[in-house]
Amino acid sequence: TSVSQSRTQCYGLWSAVAAIKVDIPKDQYEFARGDNITLPCTFQSALSSPALAVVTWSDENVIITYYHPNGVTDIKPEYQGRVSVDANVNGGTGKADLKLSSITMADNKKYECQVQIPRDNVGKDADTAALTVLVAPSKPICKIEGTASYGQNISLICYSEEGSPPPTYKWNSYDAQNNPRVLPPKTTAKEGTLSLYNITKETSGFYICISENKIRSASCNLTVTVLPPTMMNIGSTAAIIGAAIVAVILLIVIIYCCCCRKKNDDKENYAMAPDYNDRRKDYDDRRSDYDDRRSDYNDRRKDYDDRRSDYDDRRSDYNDRRSDYDDRRSDYDDRRSKPGDRNERYDDERRYNDRRGPRSDDRDRP
Ligand SMILES: *[C@@H]1O[C@H](CO)[C@@H](O)[C@H](O)[C@H]1NC(C)=O
Ligand SMILES: *[C@@H]1O[C@H](CO)[C@@H](O)[C@H](O)[C@H]1NC(C)=O
Ligand SMILES: *[C@@H]1O[C@H](CO)[C@@H](O)[C@H](O)[C@H]1NC(C)=O
């Protein structure tokens with residue numbers, strides 16, 4: 001062991017000359033927004049197996065501090081939950097990588113990795129690298145500027161609202177049969193704008209714009225239809241007719257609205273005019289009088305209905321009595337039709353007629 005110890009001391013002595021060396025392999029790292037990333041950091045120490053080490057990752061301020069050997073970390077509050085250090089300090093060379101999850105544009109900055117080892121403080125104990133957060137181009141917005149009619153100049157515009165670094169744009173053209181074709185020689189393409197001069201029927205077709213940056217690309221598909229000026233006129237005539245129809249409808253709506261408005265205004269005017277309010281009150285009074293009289297009438301009418309139902313009852317009584325009488329009369333007729341003492345029957349009949357006489361008078365009375 002004494003041999004190995006002296007060897008270590010010797011090695012240590014040699015390493016002390018070499019001292020600590022911290023290194024981030026590249027100056028710049030590029031990742032897409034939303035990615036979970038690792039920024040690598042390696043180090044060589046004069047001590048083959050340092051008992052203590054402190055790894056610090058920072059931008060302007062310290063983001064995370066990692067303590068070897070117990071593995072404790074201190075994290076800046078706003079990074080809590082999305083940052084960690086992946087460290088391995090045992091051995092002559094170690095690593096102290098930074099892990100950052102779900103990166104945003106705000107993570108677009110310089111980072112420094114520092115490794116401090118007691119009794120190995122001579123040398124390069126830190127290195128820096130820039131993180132570039134890239135954003136894929138958003139689907140470009142494409143449109144035609146100008147009138148697509150024979151002999152005109154038009155511009156095709158293509159623009160991605162997002163993209164970091166800013167995307168470059170490229171236009172490709174296809175004819176109506178979807179065959180690729182070269183753009184006319186006078187065409188100019190600048191940024192996202194493609195200018196077409198003195199256009200003809202042949203200019204019609206599909207125009208594809210590709211918006212592209214380092215990490216991704218997106219495209220749009222624009223259909224260009226070039227019409228002869230007469231067709232444009234037909235188009236504009238149709239537009240004028242359409243506009244006229246819309247105007248008429250609008251006019252009707254406006255008139256209708258004005259009428260409603262006028263009614264409302266009238267109401268407001270009445271509310272403001274005391275004369276009207278008086279007259280209105282009079283009218284309301286008269287109206288309530290009328291309602292009273294009307295309810296009187298309804299009462300009287302109800303009385304009449306009651307009396308009428310009384311009369312109906314009496315009338316049904318009379319009908320009952322009358323049917324009794326008819327029964328008796330039919331009895332009499334039965335007896336009369338039987339052969340027997342005719343005189344007696346005759347007397348009966350006379351008596352009956354005597355009775356009947358006044359009775360029939362009664363009946364004839366209105
Ligand atoms: C990044 O890590 C988080 C957990 O920290 C996980 O939910 C997410 O899916 C990961 N994203 C990617 C792109 O790997
Ligand atoms: C436009 O093109 C037509 C033929 O397509 C040509 O006769 C005319 O001279 C051109 N005009 C211009 C201004 O280039
Ligand atoms: C562009 O759109 C047209 C019709 O909308 C389609 O026929 C054509 O294939 C499209 N081109 C590309 C490259 O997507």
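Since this is a predicted model, take the numbers as computed values, not measurements.
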Does [X] use its side chain to pair, donor to acceptor, with the backbone of [Y] at less than 3.5 Å?
{"X": "Trp57", "Y": "Tyr66", "result": "no"}
{"X": "Lys110", "Y": "Leu131", "result": "no"}
{"X": "Ser138", "Y": "Glu161", "result": "yes"}
{"X": "Thr104", "Y": "Ala106", "result": "yes"}
{"X": "Ser204", "Y": "Val226", "result": "yes"}

Identify the two heavy atoms, one from [X] and one from [Y], that lie closest to each other, and give their separation to 0.1 Å.
{"X": "Cys113", "Y": "Val22", "result": "O-CG1, 3.6 Å"}
{"X": "Val115", "Y": "Ile20", "result": "O-CD1, 3.5 Å"}
{"X": "Phe206", "Y": "Ala176", "result": "CE1-O, 4.0 Å"}

Legend entry - Interatomic distance, Cys41 atom SG to Asp127 atom CG [nearest 0.5 angstrom]: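 Answer rounded to 0.5 Å: 7.0 Å.
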Inset, instruction - Taking salt bridge (charged side-chain N to carboxylate O under 4.0 Å, His left out) as the test, write out the residues that go with Asp97, two or more places apart. - result: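 So Asp97 forms no salt bridge (charged side-chain N to carboxylate O under 4.0 Å, His left out) with any residue.
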Ignoring hydrogens and angles, write down the donor-acceptor pairs under 3.5 Å from the side chains of residues 24-36, residues two or more places apart or on other chains.
from: Gln28; atom 1: NE2; to: Thr132; atom 2: OG1; distance (Å): 2.4
from: Tyr29; atom 1: OH; to: Lys26; atom 2: N; distance (Å): 2.9
from: Glu30; atom 1: OE1; to: Lys214; atom 2: NZ; distance (Å): 3.4
from: Glu30; atom 1: OE2; to: Lys214; atom 2: NZ; distance (Å): 2.2
from: Arg33; atom 1: NH1; to: Glu162; atom 2: OE2; distance (Å): 3.2
from: Arg33; atom 1: NH2; to: Glu162; atom 2: OE1; distance (Å): 3.2
from: Arg33; atom 1: NH2; to: Glu162; atom 2: OE2; distance (Å): 3.4
from: Asp35; atom 1: OD2; to: Ala32; atom 2: N; distance (Å): 3.2
from: Asn36; atom 1: OD1; to: Ser102; atom 2: N; distance (Å): 2.8

Sequence neighbours excluded - salt bridge (charged side-chain N to carboxylate O under 4.0 Å, His left out) pairs with any residue from [range]:
{"range": "residues 143-158", "result": "none"}
{"range": "residues 41-61", "result": "Asp59-Lys109"}
{"range": "residues 63-90", "result": "Lys76-Glu78, Arg82-Asp107, Asp86-Lys95"}

Inset, instruction - Flag the pair Phe43 / Ile117 as yes when at least one side-chain heavy-atom distance between them is below 4.5 Å, and no otherwise. - result: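 SC-SC contact between Phe43 and Ile117 confirmed.
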Legend entry - Side chains of Tyr207 and Leu183 in contact at under 4.5 Å (non-hydrogen atoms): yes
Show me, pair by pair, the donor-acceptor contacts under 3.5 angstrom made by side chains of residues 189-200, not counting sequence neighbours?
from: Tyr197; atom 1: OH; to: Thr188; atom 2: OG1; distance (Å): 3.4
from: Thr200; atom 1: OG1; to: Glu202; atom 2: N; distance (Å): 3.2

Legend entry - Cys220 and Cys142 SG atoms less than 2.5 angstrom apart: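 Cystine link detected, SG atoms below the 2.5 Å cut.
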Legend entry - Residues, nucleotides or ligands: over 12 heavy atoms within 6.0 Å of Arg119 CZ: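 Counting other residues, nucleotides and ligands, CZ of Arg119 stays at 12 neighbours or fewer.
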